[in-house]
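Below you'll find the structure, written out as structure tokens, and then a few comments.
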Amino acid sequence: MEKLRRVLSGQDDEEQGLTAQVLDASSLSFNTRLKWFAICFVCGVFFSILGTGLLWLPGGIKLFAVFYTLGNLAALASTCFLMGPVKQLKKMFEATRLLATIVMLLCFIFTLCAALWWHKKGLAVLFCILQFLSMTCLSYIPYARDAVIKCCSSLLS
């Protein structure tokens, strides 16, 4: 009966795009979204603190880089539960946040490369700092992006 009602009202599933069908099938209740947000966020904070604690062990730079990056990825994934992954990606790649997103993704990769393959402790820590700055300052502080762009353009010229 529900199928007939949808067809008659013009809301047939076959007319929906694949993306709309996937989003309808994977919709979560607000309470479930809130619970998974909290779980991912707490895991992200835990991994970041654990990584920072492991930094002081001998040879802990590798564990620090891995756990700190996992912590930031978990914190980033936590907001996907609140707003949805498609909306999150659209917001991340808007013109105003594109620079911060690119810097953040590159820093994730370069942190792991510096710690695991290049064995450069200083670079790994620098990229972790840049991860933090790109996730916070470049994305949310007004005029921070403009200041970074002006600074980089003056350095390059």
Side-chain angles (χ1 to χ4, degrees), residues 6 11 13 15-57 60-118 120-153 155:
R6 275 193 235 142
Q11 298 175 347
D13 284 345
E15 293 179 11
Q16 280 184 325
L18 179 63
T19 306
Q21 288 178 13
V22 169
L23 291 176
D24 287 343
S26 65
S27 63
L28 302 173
S29 70
F30 181 73
N31 287 336
T32 304
R33 288 177 183 265
L34 200 57
K35 288 174 188 174
W36 280 104
F37 163 77
I39 290 169
C40 284
F41 189 77
V42 168
C43 286
V45 170
F46 174 74
F47 285 152
S48 295
I49 292 172
L50 178 65
T52 305
L54 293 172
L55 177 63
W56 308 113
L57 295 177
I61 191 69
K62 292 178 184 178
L63 293 173
F64 165 69
V66 170
F67 279 112
Y68 191 81
T69 302
L70 282 176
N72 282 339
L73 286 171
L76 186 65
S78 70
T79 58
C80 284
F81 284 104
L82 288 183
M83 66 175 59
V86 174
K87 189 174 180 182
Q88 168 106 11
L89 287 173
K90 284 181 182 179
K91 284 194 174 277
M92 284 174 60
F93 288 99
E94 285 178 349
T96 56
R97 289 198 174 105
L98 184 61
L99 174 66
T101 301
I102 291 171
V103 169
M104 177 191 63
L105 294 174
L106 287 175
C107 286
F108 286 162
I109 294 166
F110 288 154
T111 299
L112 295 174
C113 288
L116 299 176
W117 292 288
W118 303 336
K120 303 288 185 184
K121 296 177 184 179
L123 273 179
V125 172
L126 174 68
F127 288 130
C128 285
I129 292 169
L130 291 174
Q131 279 183 38
F132 174 77
L133 291 175
S134 66
M135 288 183 75
T136 56
C137 297
L138 288 180
S139 190
Y140 296 107
I141 296 177
Y143 304 110
R145 288 181 294 273
D146 296 334
V148 169
I149 290 171
K150 286 180 183 177
C151 181
C152 290
S153 64
L155 287 175

Query raised in the report: What residues form a side chain to side chain contact (heavy atoms under 4.5 Å, CB included) with A114, not counting sequence neighbours?
Result: W118, L123, A124, F127

Query - Partner set under side chain to side chain contact (heavy atoms under 4.5 Å, CB included) for L55, not counting sequence neighbours - result: I61, F64

Requested in this report: For R97 and M92, indicate whether the former's side chain and the latter's backbone hold a donor-acceptor pair under 3.5 Å.
Outcome: no

Query raised in the report: Are the side chain of S153 and the backbone of K150 linked by a donor-acceptor contact shorter than 3.5 Å?
Result: yes

From [X] [atom1] over to [Y] [atom2], what is the distance, rounded to the nearest 0.5 angstrom?
{"X": "L106", "Y": "T111", "atom1": "CG", "atom2": "OG1", "answer": "10.0 Å"}
{"X": "I129", "Y": "C107", "atom1": "CD1", "atom2": "SG", "answer": "10.5 Å"}
{"X": "R33", "Y": "L82", "atom1": "CZ", "atom2": "CG", "answer": "8.5 Å"}
{"X": "T101", "Y": "M135", "atom1": "OG1", "atom2": "CE", "answer": "10.0 Å"}
{"X": "L112", "Y": "W117", "atom1": "CG", "atom2": "CH2", "answer": "6.5 Å"}
{"X": "L105", "Y": "S134", "atom1": "CG", "atom2": "OG", "answer": "8.5 Å"}

Report task. Given side chain to side chain contact (heavy atoms under 4.5 Å, CB included), test I49 with V45 step by step and report yes or no. Result -> CA-CA 6 Å; I49 292 172; V45 170; 3.7 Å; yes

Report summary line: Here the pair of heavy atoms bringing A115 nearest to A65 is CB-CB, 3.4 Å

Query raised in the report: If you count the non-hydrogen atoms of other residues, nucleotides and ligands that lie under 6.0 Å from CZ in F132, is the total more than 12?
Result: no

**Report entry** Atom CZ of F108 with >12 non-hydrogen neighbours under 6.0 angstrom
**Finding:** yes

Report task. Could you note down all residue pairs passing side chain to side chain donor-acceptor pair (under 3.5 Å) where residues 71-81 supplies at least one of them, sequence neighbours left out? Result -> N72-Q131, T79-Q88

